[in-house]
Amino acid sequence: MTSRRQMLTQGAALLGASSAGLLLPQTALAQSGKIRVGFMLPYTGTYAQLGVAIENGVRMAINEQGGKLGGREIEWFKVDDESEPSKGIENANKLVQRDKVDVIIGTVHSGVQMGIHKVARDSGVLSLIPNAGVHAATRALCAPNVFRTSFSNSQPTMALGETMVKRGHKKAVWITHKYAAGDEAFEGFRDSYTKAGGTIVKELGLPFPNVEFQALLTEIAALKPDAVACFFAGGAAAKFMKDFAAAGLKGKIALYGSGFLTEGVIEAAGPAAEGVMTTLHYADSLDTKRNHEFRLAYAKTFKMQPDVYAVQGYDTGLLLIQGANAVKGDLSQKPALYKAMEGAVIDSPRGKWTMSKAHNPVQDMYLREVVKGENKVLGVAVKALADSGAGCRL
Ligand code: PHB
């Protein structure tokens with residue numbers, strides 16, 4: 001990554017002037033001819049490992065195509081958003097106003113996404129969402145320059161309710177981190193579970209990123225539901241599964257979740273993760289050539305196993321490549337760029353998916369179970385699931 005200071009220094013040296021001041025960055029920009037790609041992701045905190053997996057995935061997709069976008073070289077920029085919503089706008093502006101990126105790739109946390117979204121809508125910069133599922137981004141506040149390659153928060157849990165009832169678990173407690181992602185995941189769970197005949201006996205929550213689960217687990221033990229369904233991700237997910245087992249609930253109350261619960265954390269959770277059932281748009285064990293090849297290459301390059309976040313990053317790279325190729329690297333040709341991305345069919349390790357009118361993936365949801373430390377796919381829970389896109393007028 002070239003820092004701004006380096007660029008200024010190089011620019012100044014080229015012109016042999018130290019007084020050109022503010023004009024220099026523009027000159028350097030025009031000369032460099034590179035596409036400027038900014039990552040705004042969490043590199044610290046509960047979701048840090050998710051940010052790393054997403055960046056790895058993006059880079060891997062682009063490196064597989066020769067490391068360029070539409071024939072142009074890339075200059076990368078990075079901001080750690082810390083999963084801190086109050087700094088969302090300021091951090092997005094570091095990339096958009098200071099670094100003048102052509103495209104912003106981010107982020108993980110739904111609250112932070114709303115900051116990026118405001119900056120994207122105000123500036124018109126291309127915004128690719130590689131995780132955060134916040135509904136508004138592809139519903140009422142959808143925008144021509146904003147594309148999501150991951151999911152909407154209620155998509156994974158829309159596939160959960162029927163499975164639980166079919167398995168005889170008709171009385172459930174819901175528990176989550178209380179913010180947009182958990183609250184919107186609850187919507188999907190509530191709709192699918194009650195429609196299938198299940199009853200939600202209690203909704204529990206704690207503020208993000210608090211992981212003091214003890215009192216809530218005591219409450220669950222007293223309520224004695226058939227099952228618990230939840231939304232947790234990253235470090236919090238590993239701790240929740242461990243604390244659930246340590247509280248003596250494992251084996252007594254079935255544990256289900258939106259599939260993020262068991263992504264990237266199975267090793268950290270250890271035996272506590274075994275048998276946990278979830279629904280998600282990816283599973284490690286998907287038996288396709290595409291997935292096998294992806295997993296092998298990722299493990300070889302990064303010396304770690306890929307998870308859904310790596311896949312979402314990879315697909316973000318694939319989408320950007322398709323868009324950039326269609327306009328031969330000239331991202332200022334917006335109508336042609338958007339058209340290519342809207343029509344893209346992404347040949348993903350998760351299976352092929354397409355973009356909805358509101359710019360959110362239409363994709364299969366898998367039922368998975370953790371077996372011997374791996375998310376084993378048990379089948380497709382819902383085929384080609386689309387978010388409602390309610391209120392979007394694209
Ligand atoms: C979100 O905040 O939208 C979010 C975070 C982590 C996940 C999924 C969704 O794994």
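Counting convention: from 1, in listed order, for ligands and their atoms alike.
Looking at Tyr282 and Asn291, their side chains do bring a donor and an acceptor atom within 3.5 Å of each other.
Within 6.0 Å of CD on Glu219 lie more than 12 heavy atoms contributed by other residues, nucleotides or ligands.
Screening residues 128-162 for ring pair (Phe, Tyr, Trp, His ring centres under 6.0 Å), with sequence neighbours left out, gives Phe147-His359, Phe151-Phe260, Phe151-His281.
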Which protein N or O atoms sit under 3.5 Å from any N or O of ligand 1? Give each pair with its distance.
{"unit_1": "ligand 1", "atom_1": "2 (O)", "unit_2": "Val108", "atom_2": "O", "d": "3.3"}
{"unit_1": "ligand 1", "atom_1": "2 (O)", "unit_2": "Ser110", "atom_2": "N", "d": "2.8"}
{"unit_1": "ligand 1", "atom_1": "2 (O)", "unit_2": "Tyr179", "atom_2": "OH", "d": "2.6"}
{"unit_1": "ligand 1", "atom_1": "3 (O)", "unit_2": "Val108", "atom_2": "O", "d": "3.4"}
{"unit_1": "ligand 1", "atom_1": "3 (O)", "unit_2": "Ser110", "atom_2": "OG", "d": "2.6"}
{"unit_1": "ligand 1", "atom_1": "3 (O)", "unit_2": "Gly133", "atom_2": "N", "d": "3.1"}
{"unit_1": "ligand 1", "atom_1": "10 (O)", "unit_2": "Tyr309", "atom_2": "OH", "d": "2.7"}

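With sequence neighbours excluded, no residue satisfies ring-ring contact (aromatic ring centres under 6.0 Å, His included) with Tyr338. The ring-ring contact (aromatic ring centres under 6.0 Å, His included) search around Phe232 returns His177, Phe213, Phe240, not counting sequence neighbours.
When each of Asp315, Leu69, Ile35 is checked for a side-chain contact (heavy atoms from CB on, under 4.5 Å) with Leu320, only Leu69 meets the rule.
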